[in-house]
Each structure stands twice: as C-alpha cells, then as structure tokens.
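Here is the structure we will look at, set down as structure tokens.
Residues: numbered from 1 along the sequence shown.
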Amino acid sequence: MDFLFIIPQRWVMAIMGFLAVANAYTMRVCLNIAITQMVHRRPREAGVDDGSCPGDIDEVITDPTEINGFEWDEETQGIILSAFYYGYIVTHLPGGMLAERFGGKYSLGFGVLSTAVFTLLTPWTVNMGGATGLIILRVLEGLGEGTTFPALNAMLARWAPVSERGRMGSLVFGGAQIGNIAGTYLSGLVMKETGDWHSVFYLFGSIGILWFILWALLCYNDPESHPFICDKEKKYLEEALGRHRNSQPSAIPWKAIFMSVPLWALVCAQIGHDYGYFTMVTDLPKYMTGVLKFDIHRTGTLAALPYAVMWISSILFGWMCDKIVKKNWLTVTNARKTFTTIASVGPGICMILASYSGCNTEAVVILFTASMGLMGAFYPGMKVNALDLSGNYAGTIMAIVNGIGAITGIIAPYLVGLLTPDSTLVQWRLVFWIALAVFILTNLVFVAWASGDEQWWNSSAQDPSKHNEAEAANNRSVNAEVKL
C-alpha cells in the first residue's frame with residue numbers, strides 16, 4: 001500500500017470515486033446495448049422506404065422461424081429502459097441526508113454493491129419473469145444507484161478545496177463517461193464474441209463487487225478519520241476547508257433551501273442537461289442499430305466513442321475553469337454560467353446537424369461525438385455548482401438537484417419509444433429538435449439566476465447577515481496558491 005503515501009489521499013478518494021461512478025454507469029447502460037439483441041426487430045416489407053439507411057444488418061424478415069428473442073415493441077422497450085430511474089430518484093434525498101449525517105463512504109458503497117448484485121441476477125430474472133421481472137429489477141437497481149451522486153458530493157465537500165474543485169469534480173463525475181465507454185464498447189464486444197447477452201451482466205456485476213471491496217479498504221469519510229493521511233495534507237485540508245463547513249452540520253434549513261433562487265436555477269439546468277444526456281445515453285445504440293443499421297460490435301464501438309471524447313473534454317474543461325477562476329478572469333458565478341452554456345447549446349446544435357446528415361455515417365458519428373465532447377463542460381459548469389452554494393449540505397443539495405433532473409431519465413426513453421415506433425430517420429429528427437429546445441430554455445434560466453457564491457444558509461440557517469462574510473472567505477480561498 002506504499003502508493004497510498006505517494007498519491008495525496010484526497011486524490012485517492014477522487015480516483016476511487018471516479019471508479020464508483022464508472023461502475024455505476026456500466027451497470028446502468030449495458031442494458032441499452034444488450035436490449036438490441038434481447039428482442040427481435042419488427043419485420044418490414046421489402047421495397048418500402050422507411051427513412052432508414054442501408055448498412056451492416058438487414059431487417060427484412062420473410063421467414064417467421066428466423067425470429068428469436070423477446071417480442072417487446074418500442075413502447076415496452078422504452079418502459080424497460082426508463083424503469084431504472086423510478087428507483088433512482090427515490091433514494092437521492094435519503095442518500096444525501098445519510099451521507100451528511102454519517103459520511104458518504106457506506107452510503108455510496110452499499111448502493112453500488114446492491115446494484116452489482118442485481119446486475120448479476122439480471123439474466124435469471126429476465127428468463128423467469130420476462131419484461132415485468134426486468135422492469136422490477138431495474139427499479140431495484142435504481143434504488144441502489146440513487147445514493148451515488150449525493151454521497152460523492154458529501155465526500156467532495158470534505159475532501160476538495162475550492163482551488164481544486166473543478167479538476168476533482170471533473171475527474172469524479174467524469175467517471176460516467178468511462179462507464180458509458182466500457183458499458184457500450186465492452187457490451188458489444190462481449191456479445192459478439194460469446195453470442196450471448198447474459199455474459200454482459202455477469203461481467204459488470206462482478207467488477208462492481210470488486211470495486212466495493214477496494215473502496216471499503218482504501219477510502220474514508222473525511223481527513224480526520226483517515227489512518228493513512230500525512231500530517232501535511234491533513235493540515236492543508238483543515239486550512240482550506242475549515243472555513244467552509246461546520247464539523248457537524250446543523251439541522252437542514254429546508255425553507256431557506258427551497259426558497260433559494262440559485263438552487264432552482266441549478267435544478268433547471270440539470271433538467272436540461274439530463275434530458276439531452278439521457279436521450280443520447282439510453283437511445284443512441286437504438287439509433288445506430290435501427291436507423292444506421294450497424295451490427296452489434298460496430299454499434300458498441302461507435303456508441304462508445306462520444307463518451308471517450310466527453311471524458312477527455314471534461315478534464316480539459318475542468319482545468320480551464322479552475323485556471324480562469326484562479327486568475328480572476330471570470331468570477332466563479334460567470335465561469336459556471338459560461339461552461340454550462342457551452343455544455344447546453346453546443347450539444348443541442350450538433351444533435352440537429354447529425355439528424356440532417358442522413359445516412360452519411362461518418363458525419364453522423366463525428367457530430368454525435370462533438371455533441372458529447374461539448375457536453376463535457378457541464379462538469380466544471382453546473383455539476384460542481386452545488387458545492388459552491390453549500391458545502392455543509394452538499395449531499396442534500398445534490399440529492400435535490402440530481403434527483404429532480406433524473407426524472408427526465410423516465411421521460412426521455414419513454415418519449416423516444418413513443419415518437420419512434422418505426423425507428424425512422426424522420427421520427428428521430430423530432431426527438432433531437434425537442435432535446436435542443438429543452439437545452440436552450442433551461443440554460444436561459446441558469447444564466448439569468450445562477451450563482452457561484454456560498455449561500456447564507458450554508459453558514460447559518462438563521463442569520464442572513466453572514467452571507468457577505470461567507471462570500472469573502474470563498475474568494476480568499478479561490479485566490480490562495482495551492483502549496484501541496
């Protein structure tokens with residue numbers, strides 16, 4: 001364990017948090033690829049132009065004996081893909097409150113562990129219970145994963161100095177893209193090699209259990225309780241973070257939180273981002289197989305590419321944002337607004353251009369990749385904004401924001417299923433126009449009313465006069481040079 005003393009413990013936590021998010025997303029999205037092989041495609045009549053493209057697969061079925069798999073129509077598939085989020089939104093708030101009260105280590109750990117167990121049980125559940133069994137299991141998986149982001153936000157509030165917040169937040173939350181990459185690419189590769197969709201769930205469920213063992217051994221709730229942290233780093237974190245949080249948060253100031261305009265601006269931006277993001281994550285594989293006619297391996301490979309670019313761009317955008325704030329080129333508030341705008345308007349425009357690129361597969365893949373790359377600015381933009389508003393109640397704030405935003409995970413897949421019954425290019429074009437409209441409207445709200453300042457109720461739920469003092473302390477910390 002010598003490496004523990006070489007890497008600062010706050011970065012060990014960040015790396016393990018990154019892997020937690022990556023594991024959570026592989027288990028969440030692997031079904032998006034697997035379902036394309038679990039169901040048989042609806043037959044179409046030869047010679048009919050349905051607006052789709054020629055490609056690797058032929059969907060003209062003339063012999064009924066060639067049909068295999070589950071007979072789930074597009075609407076049923078939409079319900080299955082959205083079922084996860086019914087459970088996901090329920091445990092956000094309890095998970096955030098538990099993380100603030102008792103620490104995020106086990107709130108996060110047991111959540112990922114339960115999801116891993118349910119992932120391992122997926123093949124048995126589907127074979128025994130069909131669509132109904134799978135829907136129930138996905139709801140249970142969502143219940144486990146709902147604690148992920150609130151618990152991680154509570155952990156970051158105890159480990160991430162303001163001057164490193166953009167980078168650490170981008171690293172941790174950017175694990176979602178690695179999860180998407182692994183979940184899509186490896187799912188396609190494994191199914192192609194094994195010819196069996198069951199193997200995907202066994203693979204990612206086992207990796208999730210391995211992560212939990214390492215997390216339990218290596219990570220702790222805060223610097224004070226960490227047995228491996230050096231005195232120099234511990235002192236640095238005490239000085240950098242001591243002024244931003246109480247050792248034990250007081251009763252949650254619910255009224256002040258729900259009356260906070262910057263909080264609701266953040267909620268609105270989260271809704272916009274999540275709607276576009278879930279549209280891409282959940283349904284891009286279906287677009288590639290249904291419209292572009294890619295085979296499963298090509299779908300897995302090319303669907304993973306946009307998330308690889310998003311991961312790299314999120315790190316670059318995080319570094320840029322920290323530098324801009326540290327050099328006082330922009331205030332924290334204006335930096336959050338700028339990067340959130342990049343992550344909203346850019347992806348929406350690229351989606352529209354991709355839908356009008358028709359069957360030019362190279363242009364479509366490039367534009368979808370650019371869309372997700374620009375979406376990487378979301379992490380140093382609005383994703384870390386909950387930490388700006390309140391370090392003491394970071395878990396609760398993240399639970400409110402991410403929980404409400406996750407409702408779009410229910411809406412987006414189901415709406416896509418309704419709007420694309422035949423999975424034609426024309427039908428998909430409407431899906432992307434709706435995503436662009438949601439992006440723009442929610443971003444306008446964020447730009448108008450968002451804030452990067454610590455809110456008065458973070459320091460005292462009863463004394464608004466402390467707001468100026470808290471803001472001044474925040475600015476001093478942002479401008480301080482990091483010596484460690």
**Request:** Without swapping roles, check the side chain of S344 against the backbone of T341 for a donor-acceptor pair under 3.5 Å.
**Result:** no

**Prompt:** If you measure from CZ on F201 to SG on C30, what distance do you get to the nearest 0.5 Å?
**Reply:** 4.5 Å

**Prompt:** I400 and F258: side-chain contact (heavy atoms from CB on, under 4.5 Å), yes or no, with the steps?
**Reply:** CA-CA 10 Å; I400 294 170; F258 283 111; 4.0 Å; yes

**Message:** Main chain of N360, side chain of S357: is a donor-acceptor contact present, judged purely on distance under 3.5 Å?
**Reply:** no

**Message:** So F173 and F149, do their side chains get closer than 4.5 Å, heavy atoms only?
**Reply:** yes

**Request:** Start with the C-alpha distance between W428 and V416, add both sets of side-chain angles, then the distance that settles side-chain contact (heavy atoms from CB on, under 4.5 Å), and finish with yes or no.
**Result:** CA-CA 8 Å; W428 274 95; V416 169; 3.5 Å; yes

**Prompt:** Is a donor on one side and an acceptor on the other found under 3.5 Å between the side chain of E233 and the backbone of Q9?
**Reply:** yes

**Asked** Looking at CD1 of I33 and CG of L189, how far apart are the two atoms once the value is rounded to the nearest 0.5 Å?
**Response** 11.5 Å

**Asked** Which class fits the ring pair W159 and H226: parallel under 30°, tilted 30 to 60°, perpendicular over 60°?
**Response** perpendicular

**Item:** Straight-line distance of L444 CG to W449 CH2, nearest 0.5 Å
**Value:** 9.5 Å

**4.5 Å side-chain heavy-atom contact, Y379 and M310** = yes

**Quiz item: cation-pi between R10 and Y236, 6.0 Å / 45°** = no

**Prompt:** Counting only heavy atoms not in Y202, do more than 12 sit closer than 6.0 Å to its OH atom?
**Reply:** yes

**Message:** Within this structure, what is the OG-CG distance for the pair S355 and L425, rounded to the nearest 0.5 Å?
**Reply:** 7.0 Å

**Item:** Expected output: side-chain S107 to main-chain G104 donor-acceptor under 3.5 Å
**Value:** no

**Prompt:** Atom CD1 in I407, atom OG in S82: separation rounded to 0.5 Å?
**Reply:** 12.5 Å

**Message:** Using side-chain contact (heavy atoms from CB on, under 4.5 Å), reason through L108 and T148 one step at a time and then give a plain yes or no.
**Reply:** CA-CA 5 Å; L108 170 66; T148 303; 3.8 Å; yes

**Prompt:** Aromatic rings Y356 and W433: how do their planes relate, parallel, tilted or perpendicular, breaks at 30° and 60°?
**Reply:** perpendicular

**Request:** Would you check if the side chain of W211 reaches a backbone N or O of G109 as a donor-acceptor pair within less than 3.5 Å?
**Result:** no

**Message:** Keeping S390 on the side-chain end and A386 on the backbone end, is there a donor-acceptor pair under 3.5 Å?
**Reply:** no

**Item:** N180 and Y277 side chains, donor-acceptor separation under 3.5 Å
**Value:** yes

**Prompt:** In Å and rounded to the nearest 0.5 Å, what is the CG to CZ distance from L152 to F18?
**Reply:** 12.0 Å

**Asked** Is there a donor in the side chain of N153 and an acceptor in the side chain of K383, or the other way round, less than 3.5 Å apart?
**Response** no

**Prompt:** So, does T147 use its side chain to make a donor-acceptor pair with the main chain of G95 at under 3.5 Å?
**Reply:** no

**Asked** Between F278 and Y85, how do the two ring planes meet: parallel, tilted or perpendicular, split at 30° and 60°?
**Response** tilted

**Asked** Would the number of heavy atoms belonging to other residues, nucleotides or ligands and lying under 6.0 Å from CH2 of W197 be above 12?
**Response** yes

**Request:** Please report the C-alpha distance between F204 and V200 in whole Å, then the side-chain angles of each, then the deciding distance to 0.1 Å, and finally whether the side-chain contact (heavy atoms from CB on, under 4.5 Å) criterion is met.
**Result:** CA-CA 6 Å; F204 294 124; V200 169; 3.7 Å; yes

**Asked** With a cut-off of under 6.0 Å to the ring centre and 45° to the axis, is K105 in cation-pi contact with Y220?
**Response** yes

**Prompt:** Is a side-chain N or O of D388 found less than 3.5 angstrom from the main chain of D453, in a donor-acceptor match?
**Reply:** no

**Message:** Looking only at the aromatic ring of each residue, does the gap between the centers of Y275 and F439 stay below 6.0 angstrom?
**Reply:** no

**Message:** Using a 3.5 Å distance criterion without hydrogens, assess whether the side chain of T340 forms a donor-acceptor pair with backbone atoms of M382.
**Reply:** yes

**Asked** Can you tell me if T408 uses its side chain to pair, donor with acceptor, with the backbone of G405 under 3.5 Å?
**Response** yes

**Message:** I'd like to check N385 versus V401 (side-chain heavy atoms, cut-off strictly below 4.5 Å). Are they in contact?
**Reply:** no

